[in-house]
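Throughout, numbering of the chain's residues begins at 1 and tracks the sequence.
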Amino acid sequence: MSLISLDSTITISLSVADRHASAAWYGDMLGFEVLYHADEAGWSEMQTKTAGVTLGLGEHTKPAPGNCVPVFGCADLDAGRAALEGAGVTFDGPTDVVEGMVKTATFYDPDGNALMLAQDLTGAA
């Protein structure tokens, strides 16, 4: 039994210089479809060809290629974070909240790989 309850979604988050150009590339090359562009948050999300798996494009002035962060959907991020922290898992600062959109928290596995929990705040889940 796991410490937290995840839902059936995974977002693979990539660091890119231009989300709109990257979204066009992923659409043209791999057939992914844009779900939305959240310009105010510097984030775009695309539906892959796999149910429950999306590609997130985080815009950075200096992208870090190769820095892929799996983002696991979580119904109650605060409870999940508390359970993981109680088990000694290290988090990268406080939980980030984009009101009406998403709540996220980055944590690390024993080898230092970054992972993220995300709670949908849109009411669509």
Exercise. Are side-chain heavy atoms of I12 and C68 found at a separation under 4.5 Å?
Worked result: yes
Problem set entry | Heavy-atom closest contact (D76 atom, A79 atom, distance) | OD1-N, 3.1 Å
Seminar exercise, completed: In this structure, SG of C74 is separated from CZ of R81 (nearest 0.5 Å) by 12.0 Å
Exercise. Would a 4.5 Å heavy-atom cut-off, applied to side chains only, mark Y26 and L57 as touching?
Worked result: yes
For this session: State plainly whether one hydrophobic cluster holds both F91 and I4, where clusters connect Ile, Leu, Val, Met, Phe, Trp and Tyr through side-chain heavy atoms under 4.5 angstrom apart.
Result: yes
Exercise. Do T9 and D120 have side chains that get closer than 4.5 Å, going by heavy atoms?
Worked result: no
Problem set entry | For the student: nearest non-hydrogen atoms of T48 and V53, plus distance | OG1-O, 2.6 Å
For this session: Determine the minimum heavy-atom distance between L3 and L84, stating which atoms define it.
Result: CD1-CD2, 4.3 Å
For this session: State the CD-OG1 distance between E33 and T54, to the nearest 0.5 angstrom.
Result: 13.5 Å
Problem set entry | Minimum side-chain heavy-atom gap T50-I10 below 4.5 Å | no
Exercise. Taking atom CZ of F107 and atom CE of M116, what is their separation to the nearest 0.5 Å?
Worked result: 9.5 Å
Problem set entry | Contact summary for P70 and A114, nearest pair of heavy atoms | CD-O, 3.7 Å
Seminar exercise, completed: Between S44 and H37 the two heavy atoms that sit nearest each other are OG-ND1, 2.5 Å
For this session: Hey, could you give me the OG1/CG distance between T104 and L77, rounded to the nearest 0.5 Å?
Result: 7.5 Å
For this session: Determine, using the 4.5 Å side-chain heavy-atom cutoff (strictly less than), whether L14 and V69 are members of one ILVMFWY cluster.
Result: no
Problem set entry | Interatomic spacing from CG in L35 to CE in M46 - rounded to 0.5 Å | 8.0 Å
Seminar exercise, completed: Separation between CG (D109) and OG1 (T90), nearest 0.5 Å, reads 10.5 Å
Problem set entry | Beyond-backbone contact of L30 with K49, side-chain heavy atoms, under 4.5 angstrom | no
Exercise. Can you check whether L117 reaches L6 side chain to side chain, under 4.5 Å on heavy atoms?
Worked result: yes
For this session: Taking all heavy atoms of P63 and all of A17, pick out the closest pair and write down the distance.
Result: CG-N, 3.7 Å
Exercise. Hey, does E40 have a side-chain heavy atom less than 4.5 Å from the side chain of V98?
Worked result: no
Problem set entry | Close side-chain approach of V16 and H60, heavy atoms under 4.5 Å | no
Exercise. Is it true that W43 and L121 fall in one hydrophobic cluster, defined by side-chain heavy atoms closer than 4.5 Å?
Worked result: no
